[in-house]
Number of protein chains: 2
Amino acid sequence: MELNDLPKLHSDFSVDCVVFGFDKGELRILLIERAEEPFKDFLALPGNLVYDNENIDQAANRVLSELTGLNDVYMEQLYTFGDVNRHPQGRVITVAYFSLIKVKKHTLNPLSAYAKKAQWFSVADLQPLAFDHQQILEKAYKRLQNKIRYQPIGFELLPEKFTLSQLQQLYEVILEKPIDKRNFRKKILSFGLLIELDEKQKNVSHRAAKLYKFNKTRYNNLKKMGFSFEL
Amino acid sequence: MELNDLPKLHSDFSVDCVVFGFDKGELRILLIERAEEPFKDFLALPGNLVYDNENIDQAANRVLSELTGLNDVYMEQLYTFGDVNRHPQGRVITVAYFSLIKVKKHTLNPLSAYAKKAQWFSVADLQPLAFDHQQILEKAYKRLQNKIRYQPIGFELLPEKFTLSQLQQLYEVILEKPIDKRNFRKKILSFGLLIELDEKQKNVSHRAAKLYKFNKTRYNNLKKMGFSFEL
DNA sequence: GCAAAAGTGTTAACTTTACACCCATGT
DNA sequence: ACATGGGTGTAAAGTTAACACTTTTGC
């Protein structure tokens, strides 16, 4: 791996972000509509080239921040896609990132010229995406399905305060299967990771549910001591 | 093949392979000793630049094949490392791959000029590695520890025919904890994924153990039907 | 015959699953 | 008063964990 022979090059690397959100009982993903060729008018994952002087993780955070105005977000590297022909105009290797955000907490900002405004789309029925972004999304979705079973990341998708039913519905939608209400509550409360608030839902036309929040500090402590979350 | 013989590059990305093996009761990793600066004489992961006209997965397979002469090997993408300063001579983003092989099945071949012969080293006590390869190895090791619990990949590290004790020892070494013999056997046999052979160990100075082999076909079938391996 | 590892079963503790009714609130 | 979702416990089935002695083989 000697560099001496390498042409000096700015990047043919990009990052693409798969940003999941959860709203109105549906899993959503943040997409832009491309304003330029190739794939003009197609939906695409928000992504951008990596600067010469920035780490990939930084690039992912920057791109996401440029999109959503937000920084304090669950984010991790997902997978790198580098098939020779994945980009019609030349070779671009892209490092995909995976991120979970609270939809309500963010306002979506206008983007640079290459894209129209970012918007939320339901993952369930989606038109074809640009490039190999369909494939990237599938990988991300599988990661989400896997990860949510053994890490408490579901909370990243819910508002700060949520009801147990909202949490259950989130799991049902992501795992694509129904869950028994009593068993779910028993299990999730048994971890001792939820703080029961002195507060209830408002303006609902049925018995108002208690609100909870996730005790992240406690989770971090337990994790250090070898505790493992598993649904 | 020397690096100077490589086709012209327009990209500074490489693949690095973390190749695990298991031998004499120890988890091992395949490393080369670098013959050139930077990090001359350091141990390093086998890696190489990705050709312009090959997919990353292909590159990883090629590099591994150039090293070991072997192709039919468990291999998956691990993680991409791209910190600005990870390579002292410029920016190189590297896609790390993770591979498990049967040590005995392969003869290690001489390499290109930039490296001396590849050799197996015990993962347990290792001198410092070149570049950020220590970090890559750690990530790979964690992946292995995780993955072995819910996918039957341990068999990739054992000879075709193995005893239950060898299998158990493999798990104990990788998971770094003792396992109860009777419970282990009960569990592992309960999957119905092992074929009991009409054959026993030879030349051991104690009762010879039965040999088994992994029933990969059956695993693939079961997997399609939603079966999940979990130790 | 002894050293070394192979092979084998039972029980108690715990976890998971299945399942149905009353409660609180808004209209 | 009714429609909507909130909230709650128990028992049976299944899984995991703890545990010790006999067998086979080579020397």
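Residue numbers begin at 1 in each chain, while the letters A, B, ... track the order of the sequences.
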*Asks:* Using whole Å, what does the distance between atom C1' of nucleotide D/dT8 and atom CD of A/Gln168 come to?
*Replies:*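 Going from A/Gln168 (CD) to D/dT8 (C1'), I get 14 Å.
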*Asks:* Would you say D/dG6 has OP1 or OP2 under 4.0 Å from some side-chain N or O of A/Ser165?
*Replies:*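 Looking at the OP1 and OP2 atoms of D/dG6, one of them is under 4.0 Å from a side-chain N or O of A/Ser165.
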*Asks:* Take atom CD of A/Gln201 and atom C1' of D/dG6, then tell me their distance rounded to the nearest Å.
*Replies:*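 In whole Å, D/dG6 C1' and A/Gln201 CD are 9 Å from each other.
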*Asks:* Without decimals, in angstroms, what is the distance between B/Ile179 CD1 and D/dT16 P?
*Replies:*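 Answer to the nearest Å: 13 Å.
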*Asks:* Specify the separation, in whole Å, of atom CZ of B/Arg207 and atom P of C/dA6.
*Replies:*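 To the nearest whole Å, that distance equals 9 Å.
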*Asks:* Assign the ring pair A/Phe214 / A/Tyr219 to parallel, tilted or perpendicular, where the plane angle (0 to 90°) is split at 30° and 60°.
*Replies:*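 It falls in the tilted class, 30° to 60°.
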*Asks:* Below 3.5 Å, does any donor atom in the side chain of A/Lys210 face an acceptor in the base of D/dG7, or the other way round?
*Replies:*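 Such a pair does not exist between side chain and base.
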*Asks:* With under 30° as parallel and over 60° as perpendicular, where do the rings of B/Phe39 and B/Phe131 fit, or are they tilted in between?
*Replies:*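 Tilted, since the angle between the ring planes falls between 30° and 60°.
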*Asks:* Looking only at side-chain N and O atoms, does A/Lys186 come under 4.0 Å of OP1 or OP2 in D/dG9?
*Replies:*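 Indeed not, no polar side-chain atom of A/Lys186 lies that close.
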*Asks:* Does C/dG7 have OP1 or OP2 sitting under 4.0 Å from an N or O in the side chain of B/Arg185?
*Replies:*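 Yes.
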*Asks:* At what distance, to the nearest 0.5 angstrom, does CG of A/Leu100 lie from CD1 of A/Ile148?
*Replies:*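 CD1 of A/Ile148 is found 8.0 Å from CG of A/Leu100.
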*Asks:* Could you tell me the separation between the CG atom of A/Leu231 and the P atom of C/dT17, rounded to a whole number of Å?
*Replies:*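 Roughly 10 Å, once rounded to whole Å.
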